[in-house]
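Okay, structure first, notes after.
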There are 2 protein chains.
Amino acid sequence: MTADTGSGAGAEAGADSVTEVLSALADPTRRRILDALAAHGEATATVLAAELPVSRQAIVKHLGVLDRAGLVAGHREGREARYRVVPERLGVAARWMDRIAAEWDGRLAAIKRLAEGQGTGAD
Amino acid sequence: MTADTGSGAGAEAGADSVTEVLSALADPTRRRILDALAAHGEATATVLAAELPVSRQAIVKHLGVLDRAGLVAGHREGREARYRVVPERLGVAARWMDRIAAEWDGRLAAIKRLAEGQGTGAD
DNA sequence: GCTACGTGCAACCATTGGGTAGCACGTACG
DNA sequence: CGTACGTGCTACCCAATGGTTGCACGTAGC
């Protein structure tokens with residue numbers, strides 16, 4: 001979150017990137033931050049704090065979480081730290097969820113088949 | 001979570017269904033429960049507690065959260081309460097995430113266009 | 001009818017997490 | 001060179017949450 005080391009989730013996936021992304025996204029305030037960030041293209045914590053009902057420090061903390069999840073990236077520009085949104089991670093998470101949903105569907109279908117056509121074997 | 005009134009999220013979406021689904025999914029234990037549930041097709045809290053490293057009551061609590069999020073549904077069968085996974089919600093959440101990702105992409109592209117082709121107007 | 005298994009509920013504990021306030025440091029600007 | 005703005009860090013508070021144990025109730029089976 002130092003805004004110059006960049007994203008903690010940029011390369012590795014140490015502590016379950018899925019958990020990081022999902023829990024980062026689970027917080028409404030964090031989603032509002034992401035939304036405001038997407039609207040501005042780039043913004044500082046101070047600017048974001050001005051249009052959200054939380055303090056600057058809270059924004060900084062949230063940006064830290066979002067950065068670790070790889071959903072935002074920050075860089076220093078003079079004396080201010082600008083952050084921007086990173087859409088890729090969200091897409092990855094969306095695809096992951098879709099895959100799991102499909103997997104569940106498959107398993108449920110298989111089980112249903114077994115339960116219904118016990119002796120049939122091939123429906 | 002009474003398993004006979006059914007899913008709390010079955011009809012309404014009182015407290016932000018997005019938040020409910022995401023925070024429900026954010027917990028690793030909860031994801032393992034969902035996984036085990038999908039593997040069994042149907043299972044009781046006791047069965048799940050047997051193959052996960054948490055107590056039965058913990059499972060029950062998690063099932064409550066998952067039920068409120070609409071990710072599982074339960075029904076009584078004799079003296080046991082069986083739960084099953086509900087894949088639809090996950091798909092909905094996945095599509096929501098994909099939509100947001102696309103939205104971000106659009107906004108970022110527009111902003112980039114403005115920044116690069118200030119005087120050009122058409123790249 | 002008694003026993004045993006499974007569930008539901010309530011109390012309780014420890015940890016995490018969102019939020020705030022205060023302070024120290026660096027950087028731009030007069 | 002001094003001032004002002006913006007950032008970063010630490011300490012602290014309160015609520016929510018994951019987890020546990022214990023107990024009471026209903027239901028199935030002998």
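Order of the sequence lines fixes the chain letters, A, B, ..., with proteins taken first and strands second; residue numbering starts at 1 for each chain. As a basis for the values below, the full set of heavy atoms in this structure was taken, side chains included, without hydrogen atoms, waters or symmetry mates.
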Is there a donor-acceptor pair closer than 3.5 Å between any side-chain N or O of B:Arg30 and the backbone N or O of B:Leu25?
no
Look up atom NE2 in A:His40 and atom CD in A:Glu51, then write down how far apart they are to the nearest 0.5 Å.
4.0 Å
Figure out the CG/C1' separation between B:Leu63 and C:dG6, and round it to whole Å.
14 Å
What is the distance from CD of A:Glu80 to C1' of C:dC29, rounded to the nearest Å?
14 Å
Find the distance A:Arg82:CZ to C:dT27:P and express it as a whole number of Å.
17 Å
Which pairs, protein N/O on one side and nucleotides 22-29 of chain D N/O on the other, fall under 3.5 Å?
| unit_1 | atom_1 | unit_2 | atom_2 | d |
| --- | --- | --- | --- | --- |
| D:dG22 | O6 | B:Gln57 | NE2 | 2.8 |
| D:dT27 | O2 | B:Arg79 | NH1 | 3.4 |

Measuring from atom CD1 of B:Ile59 to atom CD1 of B:Ile33, what distance do you get when rounded to the nearest 0.5 angstrom?
4.0 Å
Looking only at side-chain N and O atoms, does A:Ser17 offer a donor or acceptor that is under 3.5 Å from a partner on A:Arg89?
no
So B:Leu37 and B:Leu63, do their side chains get closer than 4.5 Å, heavy atoms only?
yes
Could you state the atom-to-atom distance from CD1 of A:Ile59 to P of C:dG17 in whole Å?
18 Å
Whole-Å distance, B:Leu48 CG to C:dG8 P, equals 13 Å
I need the CG-P distance between A:Leu66 and C:dG18, as an integer number of Å.
10 Å
Below 4.5 Å, heavy atoms only, C-beta onward: do B:Thr19 and A:Arg31 meet side chain to side chain?
yes
For B:Tyr83 and C:dG6, what is the distance between atoms OH and P respectively, to the nearest whole Å?
16 Å
Is the shortest distance from a Lys or Arg side-chain nitrogen in B:Arg107 or A:Asp35 to a carboxylate oxygen in the other one below 4.0 Å?
yes
Dump the pairs, protein N or O against N or O of nucleotides 16-19 of chain D, anything under 3.5 Å, distances to one decimal.
| unit_1 | atom_1 | unit_2 | atom_2 | d |
| --- | --- | --- | --- | --- |
| D:dG18 | OP1 | B:Arg30 | NH1 | 3.0 |
| D:dG18 | OP1 | B:Arg30 | NH2 | 2.9 |
| D:dG18 | OP2 | B:Arg30 | NH1 | 3.3 |
| D:dG19 | OP1 | B:Thr29 | OG1 | 3.3 |
| D:dG19 | OP2 | B:His62 | NE2 | 2.3 |
| D:dG19 | N7 | B:Lys61 | NZ | 2.8 |
| D:dG19 | O6 | B:Lys61 | NZ | 2.3 |

Distance from B:His75 atom NE2 to B:Glu77 atom CD, nearest 0.5 Å?
5.0 Å
